[in-house]
**Student:** 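Pasting a structure here, questions to come.
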Amino acid sequence: MEEMATRTLSQFRNEPTADFSLPENRRAMEEALAKVRFEFGREYLLRISGEWISTGDKLVSVNPSNTREVVGVHHKATPALANRAVESAYAAFSQWSRTPAEERVRLLLEASRILRARKMEFDAWLVYEAGKTWPEADADVSEAIDFCEYYAREMERLSGPQPVVQLPGEQDEMIYIPLGVGVVIPPWNFPLAILVGMSAATLVTGNTAILKPSSETPTIAAKFADVLLEAGFPESCFTLLTGSGAAVGDVLVEHPKTRFIAFTGSRDVGLRINELAAKHRPGQIWIKRVIAEMGGKDAIIVDGDADVDKAVDGVLASAFGYQGQKCSACSRAIVHRAVYDQFVEKLAAKARNIKVGPSDDPGNYMGPVISAGARKTILQYIETGKQEGRLVAGDGAAPESGYFILPTIIADVEPGARVFQEEIFGPVLAVTKARDFEHALEMANDSQYGLTGAVFSNDPEHLRQAKERFHVGNLYFNRKCTGAMVGAHPFGGFNMSGTDSKAGGPDYLLLFLQAKSVATRV
Ligand code: NAD
């Protein structure tokens with residue numbers, strides 16, 4: 001890896017999100033939605049290191065707001081093709097890893113420029129394939145751009161001289177080199193941002209990448225693969241392998257030439273990947289690295305002296321933004337008994353006013369959940385919740401042509417309840433009463449997960465205690481617990497929420513590199 005003599009890039013700044021109250025932005029978005037609609041139903045091939053492949057076995061991606069609409073048709077990979085993908089990525093590694101870091105950084109910034117130029121078009125794909133509302137889609141695309149910009153700067157920093165002690169009579173250096181073939185497995189809920197973040201980190205550090213997108217959002221991934229090619233990334237350095245995770249995932253993870261896996265998704269799949277990757281295979285000459293970011297059961301504590309209206313708004317946005325389908329979503333509100341009744345009443349009233357409907361209509365605050373399977377699971381949890389607490393808002397599916405569910409609140413839930421402990425990943429919030437702040441903190445930590453959390457309080461001593469003892473990777477005070485910003489809020493959780501990789505922070509790229517010490521006697 002070649003050294004960059006000086007740092008040349010400007011300071012990182014977050015990409016602004018579009019203000020859709022402006023008529024010109026509304027118009028641009030409407031045009032983008034129409035343009036994307038025109039491409040509905042197109043067929044997409046697999047790409048293995050530059051080779052286009054059709055398998056005939058197809059995956060159909062539909063619009064969750066209107067399931068009669070086919071967004072894209074994708075060829076599914078087979079286990080044999082997954083093996084071939086790893087072999088090709090392995091063959092391409094020697095050249096890509098020796099491409100100067102400066103050049104890789106340049107290509108990533110070019111990808112970022114293309115994403116920015118087509119921002120509304122990507123927003124529109126997210127509206128139609130992932131069911132995101134306009135602002136949620138735009139935040140996802142902005143975050144994807146942020147990851148490119150941030151990791152480009154991080155690579156510039158890491159490819160420069162590192163601070164090691166100089167011994168007398170020696171020139172001492174430490175350089176970062178790439179690992180090898182990386183398998184990138186993102187979830188569907190940030191179908192652009194997380195895919196781009198993990199792919200950008202893999203490629204800019206000099207690794208070759210196999211991108212295995214979620215079967216729910218393959219079209220967005222195909223569009224991003226186009227961006228990589230257009231930016232000038234050599235076609236040999238990455239593969240787009242669409243297909244069922246279960247069918248090809250194990251092959252990619254188990255292959256002896258796979259060097260690392262960058263995964264974001266559910267706890268059970270993450271644990272399986274970790275287990276399979278740990279087993280040594282014949283011919284394998286390294287211990288595989290697993291970066292696994294997994295689920296959450298995120299709590300917001302509302303203290304006895306909190307501003308209840310602000311807390312209601314924070315909880316509402318965190319619980320029901322993108323239909324509660326964020327790993328950072330608030331699914332437990334733990335409320336001090338002094339304000340409990342008032343809080344529940346105000347929250348339920350506001351939740352009942354939330355408009356649910358097709359995500360391409362900007363009048364709707366909530367769109368659909370991702371799939372029929374997700375809807376079924378969430379509805380079952382609502383039934384369980386009705387046994388475990390008092391239903392105060394929502395109850396079941398909204399009658400529409402897509403996978404809609406009303407924002408649902410179950411009050412008076414005890415900490416042992418399933419809806420308090422299990423990740424539901426939908427618009428369902430459990431509310432629990434706390435005797436005092438200590439009790440609230442205890443209940444917030446009563447979870448196998450530890451991803452995000454928030455506290456609404458005006459008591460500095462309580463906030464100090466939460467900072468010390470609320471065991472989550474991303475903690476927020478007097479604000480919502482979703483919406484982590486690249487650079488400001490490095491993201492990743494504790495315990496069953498994963499390996500705490502801190503995406504969008506200064507530690508992240510190190511997970512994709514290994515350090516080499518070189519000492520020269522002078
Ligand atoms: P999922 O675990 O079902 O799927 C994630 C990815 O793994 C998909 O690409 C899927 O195709 C693939 N996969 C499935 N089986 C596989 C196997 N056997 N081998 C390899 N790959 C396999 O998760 P999802 O439903 O896509 O996403 C929702 C989950 O992701 C939630 O649990 C959410 O909390 C979590 N999530 C976590 C973070 C975070 O940063 N911690 C961020 C977003 C989402």
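In each ligand, atom 1 is the first atom listed, and ligand 1 is the first ligand listed.
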**Student:** Do the side chain of Gln323 and the main chain of Pro368 share a donor and acceptor less than 3.5 angstrom apart?
**Tutor:**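 Flag set: sc Gln323 to bb Pro368 pair under 3.5 Å.
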**Student:** What residue and heavy atom of the protein are closest to atom 43 (C) of ligand 1, and at what distance?
**Tutor:** Asn189 OD1, 3.2 Å
**Student:** Does the salt bridge (Lys or Arg N to Asp or Glu O under 4.0 Å) test come out yes or no for Asp138 and Lys132, once each step is laid out?
**Tutor:** CA-CA 9 Å; Asp138 198 68; Lys132 295 215 169 191; over 6 Å; no
**Student:** So His489 and Tyr476, would you call those rings parallel, tilted or perpendicular, with 30° and 60° as cut-offs?
**Tutor:** perpendicular
**Student:** In this structure, does ligand 1 have an atom that sits under 4.0 Å from one of the heavy atoms of Phe190?
**Tutor:** no
**Student:** What protein heavy atom sits nearest atom 28 (C) of ligand 1, and how far off is it?
**Tutor:**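 Of the protein heavy atoms, Phe425 CE2, 3.6 Å lies nearest.
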**Student:** Kindly say whether Gly402 contributes a backbone atom to a donor-acceptor pair with the side chain of Asn66 at under 3.5 angstrom?
**Tutor:** no
**Student:** Is atom 4 (O) of ligand 1 in close reach of the protein, with a heavy atom under 4.0 Å away?
**Tutor:**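 No, because not a single protein heavy atom sits under 4.0 Å from atom 4 (O) of ligand 1.
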**Student:** Starting from atom 8 (C) of ligand 1, what is the nearest protein heavy atom, named by residue and atom, and what distance separates them?
**Tutor:** Pro186 O, 3.3 Å
**Student:** Quick one: which of Pro218, Gly492, Ser266, Ser215 has a heavy atom closest to atom 23 (O) of ligand 1?
**Tutor:** Ser266
**Student:** Does His75 use its side chain to pair, donor to acceptor, with the backbone of Leu46 at less than 3.5 Å?
**Tutor:**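 No: the side chain of His75 does not pair with the backbone of Leu46.
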**Student:** Within the 4.0 Å heavy-atom shell around Ser214, which atoms of ligand 1 are there?
**Tutor:** 9 (O)
**Student:** Given that the side chain starts at C-beta and the backbone is N, CA, C, O, which of these parts of Thr264 lies under 4.0 Å from ligand 1, counting heavy atoms, or is it both or neither?
**Tutor:**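 Both parts.
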**Student:** Could you see which bit of Leu252 sits under 4.0 Å from ligand 1, with heavy atoms only: side chain, backbone, both or neither?
**Tutor:**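 Neither; no heavy atom under 4.0 Å.
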**Student:** Indicate, as side chain, backbone, both or neither, the part of Ile273 found under 4.0 angstrom from ligand 1 when only non-hydrogen atoms are considered.
**Tutor:** side chain
**Student:** Among all protein heavy atoms, pick the one closest to atom 27 (O) of ligand 1 and tell me residue, atom and distance.
**Tutor:**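 For atom 27 (O) of ligand 1, the nearest protein heavy atom comes out as Pro187 CB, 3.3 Å.
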**Student:** When you measure from atom 11 (O) of ligand 1 to each heavy atom in Lys297, Glu216, Lys212, which option holds the nearest one?
**Tutor:** Lys212
**Student:** Give the residue and atom name of whichever protein heavy atom lies nearest to atom 13 (N) of ligand 1, and the separation in Å to one decimal.
**Tutor:**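 Of every protein heavy atom, Gly245 CA, 3.6 Å lies nearest to atom 13 (N) of ligand 1.
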**Student:** Does the separation of the ring centres of Tyr128 and Phe40 fall below 6.0 angstrom?
**Tutor:** yes
**Student:** Can you figure out which of Glu254, Met294, Arg267 has its heavy atom closest to atom 37 (C) of ligand 1?
**Tutor:** Met294
**Student:** Tell me, which protein residue and heavy-atom name are nearest atom 32 (O) of ligand 1, and how many Å apart are they?
**Tutor:**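 In this structure, atom 32 (O) of ligand 1 has Glu423 OE1, 2.6 Å as its nearest protein heavy atom.
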**Student:** So is Lys326 actually on top of Phe190's ring, under 6.0 Å and inside 45° of the axis?
**Tutor:**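 Relative to the ring axis of Phe190, which defines the angle, Lys326 lies outside at least one limit.
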**Student:** CD of Glu414: more than 12 outside heavy atoms within 6.0 angstrom?
**Tutor:**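 For Glu414, atom CD is not crowded (no more than 12 foreign heavy atoms under 6.0 Å).
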**Student:** If you measure from each heavy atom of Gly493 to ligand 1, is any distance below 4.0 Å?
**Tutor:**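 So Gly493 does not count as touching ligand 1.
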**Student:** Okay, side chain of Glu254, backbone of Arg281: is any donor-acceptor separation there less than 3.5 Å?
**Tutor:** no
**Student:** Please list the nearest protein heavy atom to atom 26 (O) of ligand 1 with its residue and the distance rounded to 0.1 Å.
**Tutor:** Trp188 CD1, 3.1 Å
**Student:** Quick check on Val253 - does any of its heavy atoms sit under 4.0 Å from an atom of ligand 1?
**Tutor:**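 Contact check Val253 vs ligand 1: negative.
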**Student:** Could you tell me if the ring centre of Phe512 sits under 6.0 Å from that of Phe260?
**Tutor:**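 Here the rings of Phe260 and Phe512 have centres that are less than 6.0 Å from each other.
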**Student:** Please report which non-hydrogen protein atom sits nearest to atom 35 (C) of ligand 1, along with the residue it belongs to and the distance in Å to one decimal place.
**Tutor:** Gly265 O, 3.1 Å
**Student:** Calculate, to the nearest 0.5 Å, the distance between atoms CG and CD1 belonging to Asn189 and Ile194 respectively.
**Tutor:**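 Interatomic distance, Asn189 CG to Ile194 CD1, rounded to 0.5 Å: 5.0 Å.
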